[in-house]
Amino acid sequence: MLNTSTVCLLSIMKIICVGRNYSAHIEELENERPTDPILFLKPDTSILLKKNPFFIPDFSDDVHYEVEVLVKIKKIGKHIQEKFAHKYYDEIGLGIDFTARDLQQQLKQKGLPWEKAKSFDGAAVVGNFLTKDTFTSVNDLNFTLQKNGETVQTGNTSLMLWKIDALIEYISKYFTLKIGDIIFTGTPAGVGKVNPNDVLVGCIEDKELFSIKVK
């Protein structure tokens, strides 16, 4: 029989995020193109609760939206070869990696970690998931983010520097992947500031997977 502490540990999942995975986004922020995927983590407390608005934190005057395709892991894996990576996920989703850009720039200039700018409470929107069989190929998915009815980000997974299966191989070298873990696969160009009363809507192909109000 499992005790309470064991149950709590089993319920914990990771959010693993990939930075700089689209060339156009690298260029818009004038960042250096990486030779390997850039990884960072968000705690489960960063997930914005369903049907809740996103509240702009008081420590930032420049919070940016970054729409990203998500992958939900379905079984435990370590040192997963790329050719077997497709066996470790069945669901594809869409979300937002909210970033306190002003705070991130301060931290980067000092050579410090980004967590305060990327992993604060509510900084991860996790929208609905669809089975990957819904799509012809996970490597050719169109996705968009609309802000107040205007499309502000448009991406296609074919433009990733590292595709989903390659990311799973790389990530699993360093972190054991567990059931329920979510991978944020990177954002395309078009990131920008959010303001109170903005409405953000994310779609893969013609399917709306989230709608968020900003306060």
Side-chain angles (χ1 to χ4, degrees), residues 1-22 25-26 31-48 66-99 112-121 123-135 137-141 143 155 157-188 204 209:
M1 185 173 180
L2 295 176
N3 61 36
T4 303
S5 60
T6 302
V7 172
C8 290
L9 286 171
L10 290 174
S11 67
I12 294 173
M13 42 78 74
K14 297 187 293 298
I15 302 172
I16 304 156
C17 302
V18 180
R20 304 183 193 175
N21 201 22
Y22 289 84
H25 175 58
I26 294 171
N31 285 323
E32 181 180 345
R33 181 171 174 146
T35 55
D36 293 302
I38 294 176
L39 305 180
F40 60 95
L41 302 179
K42 289 178 183 274
D44 56 0
T45 52
S46 70
I47 296 177
L48 185 66
E66 298 186 10
V67 72
E68 309 199 11
V69 170
L70 311 183
V71 178
K72 185 187 290 185
I73 298 301
K74 72 171 186 175
K75 65 178 184 176
I76 296 174
K78 176 73 173 173
H79 294 299
I80 302 164
Q81 295 181 48
E82 182 176 350
K83 64 182 178 180
F84 298 125
H86 67 279
K87 297 181 178 181
Y88 287 80
Y89 64 99
D90 281 335
E91 295 180 277
I92 298 293
L94 198 67
I96 296 176
D97 167 23
F98 280 117
T99 304
L112 298 174
W114 301 351
E115 275 75 9
K116 288 191 292 185
K118 287 277 195 180
S119 304
F120 55 88
D121 290 352
V125 172
V126 176
N128 295 329
F129 283 85
L130 299 169
T131 63
K132 65 182 179 184
D133 293 340
T134 305
F135 311 107
S137 171
V138 298
N139 293 322
D140 187 19
L141 298 178
F143 61 101
T157 53
S158 66
L159 300 176
M160 288 180 175
L161 298 180
W162 291 276
K163 304 297 191 295
I164 290 172
D165 291 355
L167 288 175
I168 288 174
E169 178 180 62
Y170 185 81
I171 291 167
S172 68
K173 291 179 184 177
Y174 302 94
F175 309 116
T176 297
L177 291 173
K178 298 174 65 178
I179 297 168
D181 286 352
I182 296 172
I183 300 173
F184 277 61
T185 60
T187 194
I204 293 182
L209 297 187

| task | For side chain to side chain contact (heavy atoms under 4.5 Å, CB included), just list the numbers for L177 and I16, CA-CA rounded to whole Å, side-chain angles, deciding distance to a tenth of an Å, and then say yes or no. | result | CA-CA 10 Å; L177 291 173; I16 304 156; 3.5 Å; yes
| message | What verdict does the side chain to side chain contact (heavy atoms under 4.5 Å, CB included) test give for I182 and I73, after you've listed the backbone C-alpha separation in whole Å, the side-chain angles of each residue and the deciding distance to 0.1 Å? | response | CA-CA 6 Å; I182 296 172; I73 298 301; over 6 Å; no
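Using a 4.5 Å heavy-atom threshold, the side chains of L159 and P188 count as separate. Proximity of D181 to M13: side-chain heavy atoms (C-beta onward) are separated by under 4.5 Å at one or more points. Annotation: side chain of V18 is not in contact with side chain of W162 (no heavy-atom distance under 4.5 Å). Annotation: side chain of T185 is in contact with side chain of V71 (closest heavy-atom distance under 4.5 Å). Taking 4.5 Å as the limit, every side-chain heavy atom of E68 sits out of range of all side-chain heavy atoms of N21. For the pair P34 and I26, the minimum side-chain heavy-atom distance is below 4.5 Å.
Residue pairs meeting the side-chain hydrogen bond (donor to acceptor under 3.5 Å, both in side chains) criterion with at least one member in residues 84-97, sequence neighbours excluded: K42-D97, K74-D90, Y89-D165, D97-K118.
Put simply, the side chain of S119 never gets that close to the backbone of K116: no donor and acceptor are under 3.5 Å apart.
Atom CD1 of I47 is separated from atom CG of D121 by 11.0 Å, given to the nearest 0.5 angstrom. Here the CG atom belonging to L39 is positioned 10.5 Å from the NZ atom belonging to K173, to the nearest 0.5 angstrom.
Residues that satisfy the side chain to side chain donor-acceptor pair (under 3.5 Å) test with S158, not counting sequence neighbours, are N156. Under the side chain to side chain donor-acceptor pair (under 3.5 Å) criterion, T134 pairs with T131, not counting sequence neighbours. Listed by chain and residue number, nothing satisfies the salt bridge (Lys or Arg N to Asp or Glu O under 4.0 Å) test with K163 (two or more places apart in sequence, or in another chain). For F40, the ring pair (Phe, Tyr, Trp, His ring centres under 6.0 Å) partners two or more places apart in sequence, or in a different chain, are W114. Partners of N31 according to the side chain to side chain donor-acceptor pair (under 3.5 Å) rule, which considers only residues two or more places apart in sequence or in another chain, are K108.
For the pair L70 and G127, the tightest heavy-atom approach, listed with the atom from each and the gap, is CD1-N, 4.4 Å. Scanning all heavy atoms of the two residues, the minimum distance from G77 to S172 falls at O-CB, 4.4 Å.
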